[in-house]
Amino acid sequence: MPRITVTVDGITYEEEVEPRLLLVHLLRDRLGKTGTPIGCDTGNCGACTVMLDGRSAKSCSVLAVQADECDVVTIEGLGRNGGLHPMQRAFHSEHALQCGYCTPGMIMAAIDLLRDTPDPSDEAIREGLEGNLCRCTGYSNIVRAVRRGAREMSGETPATTPGPASATTSGPASGEEVRTS
Amino acid sequence: MIPAAFDYIRPASLDEACHVLRDADASGNDVKVIAGGQSLLPLLRLRLAYPAALVDLGRLPGLRGVEDRGDHVFIGALTTHDEVLRSPAVREHVPLVALATATVADPAVRHRGTFGGSLAHADPAGDLPAVAVALDCVFIARSAEGEREIPAAEFFADYLETTLRPGEVLIGVRVPKLGAGWGFHYEKFTRTAQAWAIVGVAAAVRTEDGSIAEARIGLTNMGSTPLRARAAEEALRGLSTAHGDSGVTIPGRVHDPVRDACGQAAEGASPPSDLHARPDYRAHLARVLTYRAVRAAGS
Ligand SMILES: Cc1cc2nc3c(=O)[nH]c(=O)nc-3n(C[C@H](O)[C@H](O)[C@H](O)COP(=O)(O)OP(=O)(O)OC[C@H]3O[C@@H](n4cnc5c(N)ncnc54)[C@H](O)[C@@H]3O)c2cc1C
Ligand code: FES
Ligand code: FES
């Protein structure tokens, strides 16, 4: 069986993997990163989105062997010092989730969007999240949350009710929360 | 679903890849190459494909990147859609490629899916095949026996089938620069975001003194392969672009002859029938979208 080395949320793992093992199954079943859900078989829903070497990718459409020597960041690796990432906080304070199934992927896609477009228009947000389906919210609050997250990440402090962990434990918002290789 | 088991081979060089493919073919093994995996992995997960082995081209050096080569732009097969969109050479010299690529899938899929994979996959609903036939691109294939050029008009054989031979790898595509006077547009009709084209039209139009000197029109999803709308191309030649209309007949207003010419866009096509559209509706779309694309490209 192929042997791979992969860094996930800052920790490097060496794993023997069957070639057919999908990255998302490696994350969930081997490494316990169940924060990344699976929503479809076709690459459409985006629920499984992670950062692969710094850019968004659907982890259900990547083989674990293809991620050999790559750096993966999942929703579980975003927060610092036990606090939430500004984009997580923004989703919380704008009520951008109901069942929450799409949320990890939405947040990863939103952070990816901001790398190229730090101050996106509503239209750019909708385009940037077009690979992520939400069956609950109707998207309006998600768009609002991404706008708020963008403001926070660019250093502006919006008047907001802080998320559960943010007031006491998280550091100042920074634009470079996602680790790249 | 979990894909059926397969062997995985990651060759270190293109030569090695070609030899692996040749040996597999000789011994009757069902081996497939994988590039970005964005079309192949869903097929494996749905168990619509179960190859014995995958040969991963993903990390081969030299197959990735865009080069300005004078009269054409060379796009390496392993260049991702995202890299194509960021390439200044593509945007400046072959903008039709960028216009169509921007409509492919979504950002995450574009980070991994490749230019060559989209073409080799030969889905007639894919956006890039129509562009390749409209621009008369040249495909470069490599096997253990050497290199071969395949004109776009001969590359697409049937639904999901190309004229690549067993053992051949697509290494890149020459996209001709059309030069001054040409305008471009890709018009894609979908019902939802991140969707495949119900019908798409890739148009390149050269205007001279207010009339159409030359038009090239590629059709997406109007048959089992991408098509050229040759009848419409012929009919467009020499027409004035001065009479744009909205499709509504207004008494006393000059009717746009360009619209009539685009009425021939579906001639000779046998569009598919599926849950999105019947063939007659697709033919209607082809006519309307061709008009929009030609007007947008030739103004
Ligand atoms: C949710 C979703 C939406 C999509 N929407 C669109 C869309 O709107 N428009 C569109 O055009 N596409 C769309 N796609 C497909 C996308 O463009 C894929 O990136 C592309 O079709 C395949 O590229 P790939 O590199 O991922 O190829 P792979 O999946 O790796 O391979 C696809 C096929 O091509 C063969 N192949 C790949 N590279 C080579 C090569 N160099 N030489 C020989 N054979 C090769 C493989 O053997 C396989 O049969 C979508 C995909 C997804 C998942
Ligand atoms: S689970 Fe990956 S895109 Fe749906
Ligand atoms: S919150 Fe339920 S799917 Fe988006």
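Letters go in sequence order (proteins before strands), and every chain restarts at 1.
Proximity of A:L63 to B:F6: side-chain heavy atoms (C-beta onward) are separated by under 4.5 Å at one or more points.
Looking at A:A57, the atoms closer than 4.5 Å to chain B (heavy atoms on both sides) sit in the backbone and in the side chain alike. For B:A105, the part lying under 4.5 angstrom from a heavy atom of chain A is the backbone only. Looking at A:C40, only its backbone comes within 4.5 Å of chain B, counting heavy atoms on both sides. With a 4.5 Å cut-off on non-hydrogen atoms, A:I38 touches chain B through its side chain but not through its backbone. Contacts of A:E127 with chain B are made by backbone atoms alone, with heavy-atom separations under 4.5 Å and no side-chain atom involved. With a 4.5 Å cut-off on non-hydrogen atoms, A:D41 touches chain B through its backbone and its side chain both. Contacts of B:I34 with chain A are made by side-chain atoms alone, with heavy-atom separations under 4.5 Å and no backbone atom involved. At a 4.5 Å heavy-atom cutoff, the contact between B:L54 and chain A is made by side-chain atoms alone. Contact annotation for A:L52: only side-chain heavy atoms (C-beta onward) come within less than 4.5 Å of a heavy atom of chain B.
The 12-atom threshold is exceeded at CG of B:L46, counting heavy atoms of other residues, nucleotides or ligands nearer than 6.0 Å. Within 6.0 Å of OH on A:Y13 lie more than 12 heavy atoms contributed by other residues, nucleotides or ligands. The neighbour count for B:R91 CZ, taken as heavy atoms of other residues, nucleotides or ligands under 6.0 Å away, is above 12. For CG of A:D119, the number of neighbouring non-hydrogen atoms (other residues, nucleotides, ligands) closer than 6.0 Å is 12 at most. The 12-atom threshold is not exceeded at CD of A:E123, counting heavy atoms of other residues, nucleotides or ligands nearer than 6.0 Å.
When atom types are taken as modelled, the side chain of A:E18 and the backbone of B:A5 share no donor-acceptor pair closer than 3.5 angstrom. Proximity of a side-chain donor or acceptor of B:R10 to a complementary backbone N or O of A:V65 within less than 3.5 Å is detected.
Options A:L113, A:L22, A:T49 differ in how many heavy-atom pairs under 4.5 Å they form with chain B, and the most are formed by A:L22.
Closest heavy-atom contact between A:V62 and B:L41: N-CD1, 3.6 Å. In plain terms, the two heavy atoms of A:S56 and B:H111 that are nearest each other are O-ND1, 2.7 Å. Contact between B:A35 and A:Q66 at its shortest, heavy atoms only, is O-NE2, 3.8 Å. In plain terms, the two heavy atoms of B:R86 and A:D116 that are nearest each other are NH2-OD2, 2.7 Å. In terms of heavy atoms, B:Q194 sits closest to A:G43 at NE2-O, 4.2 Å. Minimum heavy-atom separation, A:A67 to B:R59: C-NH2, 4.1 Å.
Summarising the geometry, atom CG belonging to B:D7 is positioned 11.5 Å from atom CZ belonging to A:R20; distances are rounded to the nearest 0.5 Å.
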Yes or no on side chain to side chain contact (heavy atoms under 4.5 Å, CB included) for A:S61 and B:R112, after CA distance, side-chain angles and deciding distance? CA-CA 9 Å; A:S61 301; B:R112 297 200 54 84; over 6 Å; no
